[in-house]
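Every value quoted in this text rests on a predicted model; they were computed, and no experiment measured them. All residue numbers refer to positions in the sequence shown, counting from 1.
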Amino acid sequence: MKGKILFLLLFFIIFIPLLFFTAVPFFIKILFTLNFLVILIMTIYYLFKDKKFAPIMASYIVFNFMFFIVAPMLQIHKVFTSGDLKLVTKLIYSDYLIIKTSVFILIFNIVFYIAYRYFNAMKLKAKIYKKDMNLSFHILVFFVISMIIFLINIDYIKQEYLSHNYSVLDGTTKSALLIKEKIILMIPFPAFVLGVYYLKKYKKSKNFYIILIITFLMLVLILVLKNPLTEKRNALGPIYITIVFLLIPKLLNTNFKSLIFLFFSMVIIFPTISLITHSGYTLDKLINEPKLLLYQLQNHGVTNTFTTLNYDAFINFSATIEHVEKDTFSFGEQLSGAVFFFVPRKIWESKPISSGEFIGNYLRDNYGDPTNPYYFTNLSNPFVSEGYINFGLLGVILFAILLAFFMTRMVNWINGEDPLKVAAGFYASIHMIFFLRGDFTNGYAFLFATFIVILIIPKMYFSFFGKKKVKM
């Protein structure tokens, strides 16, 4: 109880200085305060009243506090103290845009939470997981399949290590790359999930030590295939944290633990690491001269990380609002490109680009240098903004309800008995921060591909080969 109260006090310790000591216009501060109070109410209920284990709600709370309260207030403060009206994305600051953005976010959060509590209160019939008495054999099959996939793709994997972060290799299309990286090379993951489940449920089985070795090898294979040299950090987080949860659930198996972990990871640890990695100093130099790190903290500070492009979600929503007012809503066109992301552009030549890139191009053409080939346009665009660019206020409300429904489904999965759904639900919970930050196309595509490999492929396999039950 004391820990929870101290955590709530930490929210105030961070927000109160922002409220009183930042150069943010008074009326805008009121809107930020209203959004803070909504998030605070969510947090209080989540910590003290919510009986279900719901780490996905922790992600929602941390994201909103970090991206829609702390970051924009610091970014606006920087505008007024520096005298430069250009925000981090080069968008020109406007009270009108900031107010409208804050109002839409407030509406989204209120509608979302009402819908979330409604869906969460619904009593759904729990499906009892049917234990397959031949599970050890199926895990062995998945292990063999994983090793075959690894050997077939060994040259690609070597090339990937050299090229770093799965850039398009040898003319490979983005769709083919997505299938290979997010589905084919993720096959060891469900095998690992089932292995961990088996080891916890069948400790006295004669096959226990065989499955223990296989599960360990699957973990090694996952680390070989998914690491900082082969995968982006926003994808590694959900994978690694899910692995930790499966192996040592006590570390993250309550709402308080989940919230504490995500809060300190995303609000303190991540900005600190970013400060170090962007310092310009080598690791050896920082170790040999620790005062350089102190210099970075004193002269740049962790808070400066919140004024970088890593935290541009709020401002990009503002840019989306400006674009819509100059042009019009997309009326589902942008959404269609995201939902049908798997259709190759060669087949669908008029396929819309992602909303993040779309708004990035708008900012480049209106506020940047269109002639600069190195101008960065692959920006984030938050989930609420995706609703707005497609259908306006109606889209904001509709997307809030859809998100609430999805999140309650993930909560039900996590609290169920199916190990694959538990893993998928927990993965989605950690992925939610990336998903909410956007853009929707990338967040949806990565999550959809993960669900295919964790849920659909194993379920299809078991529907064909897992019906016969034999003793272990």
Side-chain angles (χ1 to χ4, degrees), residues 2-47 58-89 93-95 97-99 101-103 105-106 109 256 259-276 278-279 293-315 317-318 382 433 436-437:
K2 290 183 179 179
K4 295 176 181 179
I5 294 174
L6 288 174
F7 181 81
L8 292 176
L9 288 176
L10 181 61
F11 261 31
F12 282 99
I13 290 171
I14 294 174
F15 180 71
I16 295 302
L18 292 175
L19 185 63
F20 287 100
F21 302 112
T22 56
V24 178
F26 178 74
F27 187 74
I28 294 175
K29 281 186 177 180
I30 293 176
L31 289 172
F32 278 119
T33 302
L34 291 175
N35 270 309
F36 172 75
L37 291 175
V38 171
I39 297 302
L40 183 65
I41 291 170
M42 290 185 193
T43 307
I44 292 172
Y45 191 93
Y46 178 69
L47 290 176
S59 290
Y60 187 91
I61 291 169
V62 170
F63 170 82
N64 272 273
F65 184 73
M66 180 170 56
F67 285 88
F68 286 164
I69 295 175
V70 175
M73 291 187 78
L74 289 172
Q75 290 167 15
I76 295 169
H77 173 76
K78 186 176 181 180
V79 165
F80 280 91
T81 54
S82 67
D84 184 0
L85 290 179
K86 287 185 178 181
L87 292 158
V88 64
T89 60
Y93 174 86
S94 162
D95 285 343
L97 280 179
I98 299 300
I99 290 171
T101 304
S102 299
V103 169
I105 290 173
L106 182 63
N109 281 331
F256 181 54
L259 189 57
I260 283 287
F261 173 78
L262 287 173
F263 181 83
F264 282 100
S265 295
M266 299 302 297
V267 179
I268 297 176
I269 296 175
F270 176 77
T272 302
I273 292 174
S274 180
L275 181 68
I276 295 171
H278 291 82
S279 66
L293 179 58
L294 181 62
Y295 171 82
Q296 283 291 109
L297 292 170
Q298 289 177 337
N299 292 275
H300 299 283
V302 174
T303 57
N304 280 356
T305 304
F306 291 101
T307 62
T308 66
L309 283 173
N310 289 322
Y311 295 89
D312 61 355
F314 184 97
I315 302 304
F317 186 14
S318 299
I433 291 180
L436 291 173
R437 178 176 180 259

Inset, instruction - Would you name the heavy atoms of Ile28 and Tyr93 that are closest together and state the gap between them? - result: CD1-OH, 3.2 Å
Inset, instruction - State the CD1-CG distance between Ile98 and Asp95, to the nearest 0.5 angstrom. - result: 8.0 Å
Inset, instruction - Please identify each residue that fulfils side chain to side chain donor-acceptor pair (under 3.5 Å) with Asp84, with sequence neighbours left out. - result: none
Legend entry - Verdict with reasoning, Ile61 to Tyr46, per side chain to side chain contact (heavy atoms under 4.5 Å, CB included): CA-CA 10 Å; Ile61 291 169; Tyr46 178 69; 4.1 Å; yes
Inset, instruction - Taking ring pair (Phe, Tyr, Trp, His ring centres under 6.0 Å) as the test, write out the residues that go with Phe32, two or more places apart. - result: Phe314
Legend entry - Partners passing side chain to side chain donor-acceptor pair (under 3.5 Å) against Thr101 (at least two apart in sequence or in another chain): Ser318
Inset, instruction - Can you measure from CZ (Phe67) to CG (Asp312) and round to the nearest 0.5 angstrom? - result: 8.0 Å
Inset, instruction - Taking side-chain contact (heavy atoms from CB on, under 4.5 Å) as the test, write out the residues that go with Thr81, two or more places apart. - result: Ala23, His77
Legend entry - Rounded distance (nearest 0.5 Å) linking atom CZ of Phe68 with atom CD1 of Ile105: 4.0 Å
Legend entry - Qualifying residues under side-chain contact (heavy atoms from CB on, under 4.5 Å), relative to Val38, sequence neighbours excluded: Met42, Leu106, Asn109, Ile110
Legend entry - Leu85 vs Val79, side chain to side chain contact (heavy atoms under 4.5 Å, CB included): CA-CA, chis, key distance, verdict: CA-CA 5 Å; Leu85 290 179; Val79 165; 3.9 Å; yes
Inset, instruction - Please name the pair of heavy atoms, one in Ile76 and one in Pro25, separated by the smallest distance, quoted to 0.1 Å. - result: CG2-CD, 4.2 Å
Inset, instruction - Please confirm whether the backbone N or O of Thr22 pairs with a side-chain atom of Lys29, one donor and one acceptor, at under 3.5 Å? - result: yes
Inset, instruction - Could you tell me the separation between the CD1 atom of Ile39 and the CE atom of Met66, rounded to the nearest 0.5 Å? - result: 12.0 Å
Legend entry - Heavy-atom side-chain proximity of Ser59 to Leu262 below 4.5 angstrom: yes
Legend entry - Heavy-atom side-chain contact between Asn35 and Asn64 under 4.5 Å: no
Inset, instruction - Taking atom CZ of Phe80 as the centre, report whether more than 12 heavy atoms of other residues, nucleotides or ligands fall under 6.0 Å from it. - result: yes
Inset, instruction - Please name all residues satisfying side-chain contact (heavy atoms from CB on, under 4.5 Å) with Ala71, sequence neighbours left out, ordered by chain then number. - result: Gln75, Phe306, Tyr311
Report, one line per pair, each donor and acceptor closer than 3.5 Å where one atom sits in a side chain of residues 3-20; sequence neighbours left out.
from: Lys4; atom 1: NZ; to: Leu47; atom 2: O; distance (Å): 2.9

Inset, instruction - Could you tell me whether the side chain of Arg437 and the main chain of Asn310 form a donor-acceptor pair under 3.5 Å? - result: yes
Inset, instruction - Find the distance between CG (Leu87) and CG (Leu97) and round it off to the nearest 0.5 Å. - result: 9.0 Å
